[in-house]
Amino acid sequence: MKLKLKLIVMRQTFKKGEKLKSKKLIEQLFERGKRLKSFPIQLVYLEIDHKSDFLIQAGFSVPKKRFKKAVDRNRIKRLMREAYRLHKHKLPNITDLDTKKHIFMFIYMGSQMENYTTIEAQFLIILKNIKQKLVKNLES
RNA sequence: AAAGUAGACUGCCUUAUCGAUUUGUUUUGAAUUUAUUCAAAUAAAUAGGAAAGUCCGGACACCAGAGAGUAUCAUAGCGGAUAACAUCCGUCCAGUGUAAACUGAGGACAAGUGCAACAGAAAGCAAGUACAGUUUGGCUGUAGUGAAACCAGGUAAACUCUAUGAGGUGCAAUGCUACGUAUAUUAGAAUCCCGAAAGGGUAAGGAUAACUCGUCCAAUUCUAAGGGGUAAGCAGCUAAAGUUAUACAGUAAUGUAUAACAUAGAUAAAUGAUAAGGAUUCGCUUUGGCGAAAACAGAAUCCGGCUUAUAGUCUACUUUUUUU
RNA sequence: GGCGUCGUGGCCGAGUGGCUAGGCCGGGCUCUGCAAAAGCUCUUACAGCGGUUCGAAUCCGCUCGACGCCU
């Protein structure tokens, strides 16, 4: 079971089950979740037990106040999802986390469209930071 | 060539790698509830002309308390098209423009009511200035104010009248499954008045968006407070007034017949990312190239329109100027 | 996705088709030795574009913006 899960994580996929969908979980995330910033992206994360087979469920959000047009919101969400998909293997895996489950929500804070390379760069910083924090928590 | 008017069409393409959703296939793997779920492999499909605004019109679904009249709202030359329309086509009239063309809620003020700032004698129940003509009174004409003036005046995107149409709510409709002690529970209001009673009187309570009638309800209805669970799955959900071509009917919108085509179904939201090449446009240029850019914009039950945003190409026509 | 309400100076807020009230804020003046208070005065508006009308904040369309409801 553990081996299989690891294999899935190592592949660069992002399927339905890995997506954060439950309204209840999202509500809890925003109530109790901790925040981590690297402009223009903010990560809200929370350690919680959920029903999915994946260790981490992730969602992506763009505020309607900053981007009025649906086209722009869709594009940013797609870019963020792509960055997550390609680089999530840098996140802590099963051996590090000891099967503690987390939920993530990435929020785009900027008010301007950015291209893929800048978004990817900020994503890498965030992923590095979150990994350090999670590992630290586990040790302490 | 410049300026303009009308109409039609297109809305970047190819390859590679890594993905997403849906559907199908597999002596594939795992789990068990033993025919389902999850995973893997593989094949196919995957955003628009406006998907937008939600402004009109329908389809479809539910409400059998949804019936009748009034009120309300919408439309408004005439004729046609259509499932239907405030849309479209033809045509008359009026207005704008040199013209091609465009715009028009374009019935009725000889039913009634209202309104008209300023100016003006006077904008409705009366009053009457100046000059001229003529036949004294009077009558007729002109002047001045104003958008409109002794006139059967003007105004209906003023009330209104006439004709026609409209029951209400919208896929978060609605049905099924799962969970749940669940028309739960508590509080308030209504179910009339007179009389001891028999009975008599009034036409009352609540619901039906407003009013009247009608209908329905009788321990029921309404209002407020308030506990728990899920915020889940399936159906509705995409083949339909469908698109294209040809022929015929018609001035046309459109209709009929035949043939071909299979063409999105997500649910914190699939339709994407990267690289290379090509085509297009723009700028620079030593005419070899180099650099930059993809306009407006993202399906959410589905159709027919309208409106708004917007890159480019082509065709026809009008006016002006120049050349032959 | 669907349904509905609203838009008047910097802020609040009246307004029958006929010059857009009033208050607060701000500037200036008077008063005062200087201020406050009081008084006088000035500046800045009908969300935008069309239509009806002699004339629209008002009537009718379209567009833009803000807000609310549904399960």
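Below, read A as the first sequence line, B as the second, and so on, with proteins coming before strands; counting in each chain starts at 1.
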Upstream residue (5' side of RNA chain B) when A/Thr117 and A/Gly59 are each assigned their closest nucleotide: A/Gly59
Nearest-nucleotide check on RNA chain B, A/Phe60 vs A/Leu86; residue mapping nearer the 5' end is A/Leu86
Nucleotide [N], atom [atom2] - distance to [atom1] of [X] in whole Å:
| X | N | atom1 | atom2 | value |
| --- | --- | --- | --- | --- |
| A/Lys88 | B/G19 | NZ | C1' | 10 Å |
| A/Leu79 | B/A20 | CG | C1' | 14 Å |
| A/Glu120 | B/A275 | CD | C1' | 14 Å |
| A/Ile119 | B/A273 | CD1 | P | 11 Å |
| A/Tyr84 | B/A268 | OH | P | 18 Å |
| A/Glu82 | B/G19 | CD | P | 10 Å |
| A/Lys69 | B/G298 | NZ | P | 8 Å |

Give me the residues of residues 71-78 of chain A where at least one heavy atom lies under 4.0 Å from an atom of RNA chain B, by number, or none.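 Under 4.0 Å from RNA chain B: A/Val71, A/Asn74, A/Arg75, A/Arg78.
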Tell me which nucleotide among B/C18, B/A299, B/U274 gets nearest to the side chain of A/Tyr116.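 Output: B/U274.
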Out of B/C18, B/G298, B/A270, which has the shortest distance to the side chain of A/Arg81?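 Of all the options, the side chain of A/Arg81 is nearest to B/A270.
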Taking pairing as Watson-Crick or G-U wobble with both contacts under 3.5 Å, can you name the mate of [N], or confirm there isn't one?
| N | value |
| --- | --- |
| B/A300 | none |
| B/G195 | none |
| B/G180 | none |
| C/G9 | none |
| B/U246 | B/A257 |
| C/C3 | C/G68 |
| B/U96 | B/A101 |
| B/A52 | B/U307 |

Using a 3.5 Å distance criterion without hydrogens, assess whether the side chain of A/Arg35 forms a donor-acceptor pair with backbone atoms of A/Leu43. no
Value rounded to 0.5 Å, distance of [atom1] in [X] from [atom2] in [Y]:
| X | Y | atom1 | atom2 | result |
| --- | --- | --- | --- | --- |
| A/Ile41 | A/Tyr84 | CD1 | OH | 13.5 Å |
| A/Ile56 | A/Ile130 | CD1 | CD1 | 8.5 Å |
| A/Lys88 | A/Phe14 | NZ | CZ | 7.0 Å |
| A/Phe60 | A/Glu82 | CZ | CD | 10.0 Å |
| A/Leu124 | A/Ile119 | CG | CD1 | 12.0 Å |

Between [M] and [N] - [atom1] atom distance, rounded Å:
| N | M | atom1 | answer |
| --- | --- | --- | --- |
| B/C88 | B/C151 | P | 47 Å |
| B/A210 | B/G168 | C1' | 14 Å |
| B/A64 | B/G114 | P | 50 Å |
| B/G250 | B/C89 | C1' | 12 Å |
| B/A253 | B/A245 | P | 14 Å |
| B/U34 | B/G233 | P | 24 Å |
| C/C62 | B/U308 | P | 11 Å |
| B/C109 | B/G153 | P | 11 Å |

What form does the base of [N] take, syn (within 90° of 0) or anti?
| N | value |
| --- | --- |
| B/G288 | syn |
| B/G49 | syn |
| B/U238 | syn |

Verdict with reasoning, A/Asn129 to A/Lys131, per side-chain contact (heavy atoms from CB on, under 4.5 Å): CA-CA 5 Å; A/Asn129 290 348; A/Lys131 184 173 182 182; over 6 Å; no
Could you tell me whether the side chain of A/Ile126 reaches within less than 4.5 Å of the side chain of A/Gln42, counting heavy atoms only?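 A side-chain contact under 4.5 Å is absent here.
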Using a 4.5 Å cut-off on heavy atoms from C-beta on, say whether the side chain of A/Phe104 contacts that of A/His102.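 Yes - at least one pair of side-chain heavy atoms lies under 4.5 Å apart.
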